[in-house]
Structures are given as C-alpha cells and as structure tokens.
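Only one structure is covered here, and it is reproduced in the block below.
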Amino acid sequence: MIQPEERLIAALAALILDPAAPVARHIAVGAASPIPAAASWLVKLSGHDVRLSLLHLQRGNPFTEGTRELFDLAGQGRIDLFFLGGGQIDGQANLNLIGTGEWPGTGARFPGSFGSAFMYLMTPRTILFREEHSPRVLVPKVAHISAAGVSPPGVFRRGTAQALVTGRCVFRFDGARFHLASLHPGETADSVRAATGFAYTEPAGVPQTPDPPPDQLALLRGPVRARMQATYPAFCARVWGDSVA
Amino acid sequence: MIQPEERLIAALAALILDPAAPVARHIAVGAASPIPAAASWLVKLSGHDVRLSLLHLQRGNPFTEGTRELFDLAGQGRIDLFFLGGGQIDGQANLNLIGTGEWPGTGARFPGSFGSAFMYLMTPRTILFREEHSPRVLVPKVAHISAAGVSPPGVFRRGTAQALVTGRCVFRFDGARFHLASLHPGETADSVRAATGFAYTEPAGVPQTPDPPPDQLALLRGPVRARMQATYPAFCARVWGDSVA
Amino acid sequence: MAFVALADLAARVPDGALLAIPPDNSLTPAAFARALVRRGVRGLRLLGVPVSGYVCDLLIGAGCVASLQTSAASIGETGLAPRFARALAAGTLQVTDATCPAIHTMLQAAEKGVPFMPLRGVLGSDLVPHRPDWKVVENPFAAGDPILLVPALSPEVAAFHAVCADDDGNVYVGRRRELATIAHASRRTLVTVERHYPGNLLEDEAMAAGTISGVYVDAIALAPRGAAPSGLLDEYAADAAHLAEYARAARSDEGFAAYLAQYVTLAEAVA
Amino acid sequence: MAFVALADLAARVPDGALLAIPPDNSLTPAAFARALVRRGVRGLRLLGVPVSGYVCDLLIGAGCVASLQTSAASIGETGLAPRFARALAAGTLQVTDATCPAIHTMLQAAEKGVPFMPLRGVLGSDLVPHRPDWKVVENPFAAGDPILLVPALSPEVAAFHAVCADDDGNVYVGRRRELATIAHASRRTLVTVERHYPGNLLEDEAMAAGTISGVYVDAIALAPRGAAPSGLLDEYAADAAHLAEYARAARSDEGFAAYLAQYVTLAEAVA
C-alpha cells in the first residue's frame, strides 16, 4: 500500500526533475524537512547527477561554517533549488512564518522566518511544501510577510516559487499566481476549492497526482530510507514501520 | 659589546612600555620584522602581561584565517599596537610603500602597501621603524601616500604614530609633527638634521638613546633569541653569531 | 587561563546583558544556561545565532529574559518553543524578529569592525518595516538596485559549549567554525568544555583548524555533557526523548516548574 | 571527482583568465604555476590574495601575465620581486595596487553574494583616487562618517596547493582557513595536493574543520611538494636558499632564463 507521504515525496521529486525548469544540480534542504529530504534523495538515488546539501545531516555534514555557509552558498548562486513552507501561504506565494494578529504574532505565533526572507529571493527555484491544506493555512493574504512571493522590478531576485505541494494537491506557480496541477487520491476540484483560501486557476480535467511506480517505491523503502534513518528516525518509523526494508 | 640592533630593540621596547601611552595588552607584528618582533618578545619576557600575535610564526601561528584574521582583529579594536615602516616617510608621518615617480612607481618601486592603509588608522598605537635614516627615506613629502599619517576630523581613526625609530635616532610624534627624542651613539643633532628631509622640532640637549642594561641584554641573547631563531635565522646569526647563548 | 567553576562562569553575565547563544545542534551552552538560571540572572537580552532552541526557551521560562532577537524559536522536531510562545503571549518578552543571514551578517560586520554590511534578499519581507535599525539604500555601484544594509551587532557576552580548551584559552569547536564569528564579534566570550586539552591547540596542526584562539576567550569552565540534551559533534548525540519531554512539560507553568526543579534547580545545584 | 594530471589542470586556465593566487606561506600553488609556464598560458590577470610572491613573479617573468592586482609583491626575506619590478619598469605589466584587507573584503563580498562591502581605514591613502572601482560614501547609519566601499570580486579561477583531497573533491587546507574564502568567491577552483585521502574528509570530525567542501572545487591534481620552494604547514618548510637563489637569478633576464630552464621548462617537463 502506498503511503500518503510516499506520494508527496514522488510529487516533489517529479517537480525537481521538471524538464521545463532549469536543471537542479545542487539542492539544499533545511531543518526538519523529512519529505523534501526524501524527495531529494529519491532524485539522487535514481541516478541523477545532483549534489545534496542537507543542513541537518548528523554525520558528514557538508558545512564547516554552519548555516552561514548555506546562506553564502545561496548568495553565490550555487544553490539551484530549495524548499520552503509557511504557517500561512497566500495566492501571491507570500510566506508567513511570523504569526497572526499584531506583529510579532499576538494571535497564533509561528516559529519565525528562519532564512526564508533571503533564500526565497536568492534561489532560482523554490518548491513550497505544506502538508496541511486548509483555509487557515492557504489564505487570501498572509497576516505578515516573512518572505515575499514576488518582487517589483529592480529588486534582485533569482527566481520565485515553482510549485506548492500540499496534502491535497499540487499547484504550479507562474510567477504571479497558482494553477491547480494535480489532485491527490480522494480529492476533487471541489474539495480543494473548499479547503483553499486563495484564488487560483483551475483547468478543466485536472489530472490525479500519479502514484510512485514500483521502482521508485523500492528506492524509497530501501536506499532512501537508509539515508534518512539517522536524521529522521521518527518519520521513518511512522511511514515505513519499524523494520528496515 | 652591544650590537646596534640590540639598541634598536631596546628603544622599541621602551616605547612599547611608555607609561604615558595607553597600555599595550596585545601587540601584532607583521611579516619580515625581526627587530619589532624581538622588541615585543623582550617586553613579554621581561614579565609584562602582553599578548603577541606574530603573523609569520612558523609553529603555533595564532591565526586560522591567515592575514584576514589579523585585519579583523584590528578592525575589532583588539590590537593595541602595531609596527609600520615605509620606503618613504614624511614629516606628517605619511608612509609611502608604493614607490617614486608616476603611480604606481615608475621611479623606484617599493613592495606595495600591504595592510598599512588599514592598520595605521585602526590601531591605537603605531610605532614606525626604518633602519635607513637618509634624506631619500625621510622626505619632506612622500611621493605617494600608502597610509595617511593624520586624518581630517570625521574620519574614523583610533590613533596615529607614537614614534619613529631609525638607525640614527628616536623621534616622537605628537599627532601633527615629529620631535627628536634621543640620539643613538655616534650621532649628533647636526648629523641627524643633515640626514633628515622633513622638518621636526629639536629640543636643546637631546639625550642619547640608552644602552640596554645587562639584564635586557641577557634576555635578548638568551630567551628572546630562542623565540626568534625559527622565524629569523639569518637575523639571529648576523646579530648574535652562530652559537646560541 | 585558569578554568573557573561553572557557577563562577555564570556569575560573569551581568543582569541585562546582551547575550549571544547558538541554537540546538550548534554547540549550545545548555549546562551554562542551567547555571544562569541557578544564579538568578535577570533581564537578559538574548540573541539567537541565528535561531533559538532549548537554551533560550529555558532561560525565558525561568524568568531570566527581557527580550529576544532571533530568526526562529523551535525545539527539536516539535517545532515549538513553549515558554517563548507563552511569554510572548503574556507580553513579558519583547521579541525582535530577524532572518538567519541577517543575524550572521550583523555579527560579521562587528567581526570586521565596520558599522554595517549589505545583504541580498529580504526586500519585500515585513521584517524590514519592523526593523528600524535596518536600512534599504540604493546600491552605490549600480543604479536602480535597492539593497538592505544591516548594522554591526556586538553582543556583550557570547556563550557556547566546546569540546576542549587548553591552558592558553584556546577552545576546540571542530567543524562548527561559525562559532568563531560569534566570538570575534562579541566583547566577551564564555565557554564551557567537555574536558581540558593538555598542550596548545594552536600548535597542533591537526587541531588548529577547528580551534578558536584564546585571544577571543575570557573564561572557561568544565561542564561534561554540557550541551545535553543537545548533541555535541561526534562526542554524543542529542537526547530527543529529553527534548520532547521538555517540550511537553513546558506547555504548562506547572510542568515547566517541575522540569526546573528536577533538572535545573536541584539536580545540578552542587555543580 | 577523478584526479587529473598536473598538465591537464594547467590546461583548464584559459588565456586571459582572472586568476587568484595565495602568496608564499599560504599554500601557494608553485608546481601548478610551473605547469602554467610550460603550458604557455598568456595574458593572465593575476590577483595576489592579498599579496604576491614567488609564484606571481615566476609567471610574470615567463611572459604569462598581462596585469596584477596585489597589495604587495615580495619574495622571502629579500623583500623584492625582481620580475615584477622589471615588468613594471618595462611597461609590460599593468599593476593595480590594493591593501590587504581590501582584497580580503572584495572576496568576502563575492563569498556572500553582495555587490559591495564596507571597509574601515584606507581613507587618506592615495590608493583611493587610483581605484575608480572603489567608492567613499557617507555611512548611512551615522552622519559625517565617510567610509570606503569596495566592490565584490569573483576571480574566474582560484588555484592553491593543499595537503590532500578525497574522491568527493573535498580538500584539506588545515589552519589556512582563509583559502576557503578564495574558493567560495571564485567561479572555478583548481587544487594541487600532496596526496590522495582515502575516505571522506568531511565525514572525519578531526579533518572536517580544515576541509574545503568539494562543492567549491572543480579539479584536482597530485603534485608532491607542490608548494616548494615555499613551505606547506607542518608538511615541509620553505626552502629559503632556493628562494634566495631565485631572487638573485631573476635580477637579470639571463639569470631568469637559466632558472626557468633548470627548474621549470626541463626539470618538470615530464610531470
């Protein structure tokens, strides 16, 4: 049986390999991001020539200057693709990691902006990922902007969001707005519309998000899991059970 | 018999310990500076609580980021005293390490400015040192300014030259001009005046630069030499002979 | 440099000090923070470099903190920092939000002794209007190119937990070289270590690259397992169960008080 | 990353490239420079980081160099760089003078991906009017405080000689951590090493702190004693006699030609 997380991993991997996007030769993955990390491993272990910089790798961490080196790498233009999320995400792909209510989050307080305000503008491709897909998260307009989805002309920016993957669907982002691209099993155009606070375009006949094929599932449950185990033991146990395949 | 270099070392050490100046708790010594290095060791080995950062120490070099760390240290205000010289030095304590003739030195070419343009302004105390004392070196006005001796109001500057030690004498600098402070043996006010291209004040009855007392000589020829040997073997052999005291 | 007792190290942080702290996973000074709680320090202005975790949350919960500048507050996989959230909601903690590279850049400006440094990105974020100490200017080298400038920030005190220290005050941080910048930028640096290193770390070619020179270090105390419940390089792993226990307990005032009593006030009172 | 032959490494430097080189005492790529001479590279624009020594003088003397940006040119204790001085006097070398921290700062700006960075000091130096690429501005954070801004500088190629490299392209530079900034700032980095390291340097806690990640490294060649006549950390000391011999020989065209023939063209032609 295919786990929902496995489908999300495969959807992210397909976006990483999107032939219409510039090739991602170097992918960085931030803290506490098991599904983006697994997607990146899936791409690499499928035989693609890609470098992974995993910030929270316990052994063999590639950085000798901590997170500063990650941000310098992005500043140099050496990171092709990064993943971001948000407590709120709006239809202009703005991210809110601050909170709701008055600044700095007198309503719900989110953890904080981390490096999003920088990485979003310095990375040619950003894939947004947020499992919770509800009107509370996907809002018409974020209460506070941690990282801006689009920038006016003249502002130095290497790229915008490429897509947003949620627990219900995949949206593509064209630099101005979202388009519904595929529905996960059990979802309909109506169910997604009801769960989404922002406006997006919805083509006729939205396809279903494909299941990972057997060879991908085998990679996920074997080699990918093995790379993930030390950093994300709880995630691995939840998705793949206690025994290593 | 006291070597001329020993007297210069002692003169520099006396300036380092000048009770009228702010205490030097951290002294840095740049490349190829055996006499300033020996003076700094003499101060330290005389029992004064001072940290020495010797850029060209072969073993146990204190820097793990090379010369950048030295300049950052100075930027932070953690270096109290530094030594500089120059192919030309003028009466406003300007230093020329570029050369003569048209920029960048179509006449005589000096090695270049190194870090002088920065260190001179960032260090509370600078002791200038140049063995050659001639009208060619001590000029009315340097051909090119590598590092400015004085700065107009508003320019961030922590200090100026404290003194200039040459092979003939010691000048003090008051932030605007030089004053003849002591004459090395064999020199007179007249001989120094004839050898100096810039104007300076000359009090009546200029004292002689004192000889290092026996305890300083013993320190120099023993423990100081031992610290210098690995970095400056040629200097040690020239001043103190081949056998270690 | 003579080692001091952990309590004496904590005594060197004055009330109200601007104190820089690296987060979980980056040589965080956990034992030192517990000593600060026992010392009863008040009014700290904390700087998370660049984010804050268990240590800052503990200090906030114990009433030691007046303000926090950080790019995020979270503990382990839970993603929450309960005492931080509680103090923010109660209005007892002044929070200044930043973004990670801005904090690194403000410290690097202090490290170089310049009054400011530019940083790409960030424009369009609501961080900018909420940071009157940051400025957006035109790039003087290219027309029509706005860029953020952030000011130099010199913490009064930096504290972290390293592997070992020698008698010259040199401390070994291994691959976590970014700790050097915190030390360079701060006026005073207090370090706890697992153990004493016999000899001089900077004279050992194998150790020198991961060593911060004693020129930046003001005092050192021994604190075996001093980063726990966080991990320390290859010395020991993080104690995820303890961090989860903390995050659970700290959701309530009573739970936090019990945690303090069990792990901070009593357990290490003899240290 | 497969190791390449030294000659193949030299072939990766195109004529006219902006090439960053660390000086004597800082992992200088001497064997690589000799291979560049044999390759017959022309029109190099050299950057001494932050000064230049034997390697740059050799390349200048061999006719490989069109221009040099440096904070000083000197070799060993002699204090002179004969071929540099000769080419400057002959008008065949365009020299751009800098000061050490300005070169570090220009590279750090490139390392951070910002278009410029400020630097204290330097004001009042005649370097400023001779560097139209530098700007003096008012500090936007304080009135009446002029400060120098220097632009980011990204060398096309950086080259240095390290201790060892592994199959992932990670290279060990030990305590000379400033080499990391050169690699970070440059578009391509070519490295010679004493030897191959079996295993992964970044997975070895004892080596990681002194390691530059392969993410910054484009190609590697073996070159035992590749820094000589300069020294390499604790691997071997500088050969002061050889440097003095070079400085003497290079005072005349004939002497330099004889040096080239003896130590460069013939001696390592098989390498």
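Below, chains carry the letters A, B, ... as their sequence lines are ordered, and counting in each starts from 1. Just so it is clear, the values below take in all heavy atoms, side chains as well, and ignore hydrogens, waters and symmetry mates.
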Which portion of D:Thr211 sits near chain C, non-hydrogen atoms under 4.5 angstrom: neither
List the atom of [X], the atom of [Y], and the distance in Å for their closest heavy-atom pair.
X: D:Asp133; Y: C:Phe141; answer: O-CE2, 3.2 Å
X: D:Ala209; Y: C:Gly174; answer: CB-O, 3.3 Å
X: C:Val114; Y: D:Pro118; answer: CG1-O, 3.5 Å

Under 4.5 Å, counting heavy-atom pairs only, tell me which of D:Pro140, D:Ala208, D:Ala142 racks up the most with chain C.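 If we count pairs closer than 4.5 Å to chain C, D:Pro140 comes out on top.
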Please check: side-chain N/O of C:Arg175 versus main-chain N/O of D:Asp204, any donor-acceptor pairing under 3.5 Å?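 The answer is no, because no donor-acceptor pair under 3.5 Å joins these two groups.
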Kindly compute the distance separating CG (C:Asp234) from CD (D:Glu205), expressed to the nearest 0.5 Å.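 One finds 4.5 Å between CG of C:Asp234 and CD of D:Glu205.
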Let's go through D:Lys112 and C:Arg120 carefully: what are the C-alpha distance in whole Å and the side-chain angles of both, what is the deciding distance for side-chain contact (heavy atoms from CB on, under 4.5 Å) to 0.1 Å, and is it a yes or a no? CA-CA 9 Å; D:Lys112 285 186 77 68; C:Arg120 279 293 190 199; over 6 Å; no
Interface moiety of C:Val150 toward chain D, non-hydrogen atoms closer than 4.5 Å: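 For C:Val150, backbone heavy atoms alone lie under 4.5 Å from chain D.
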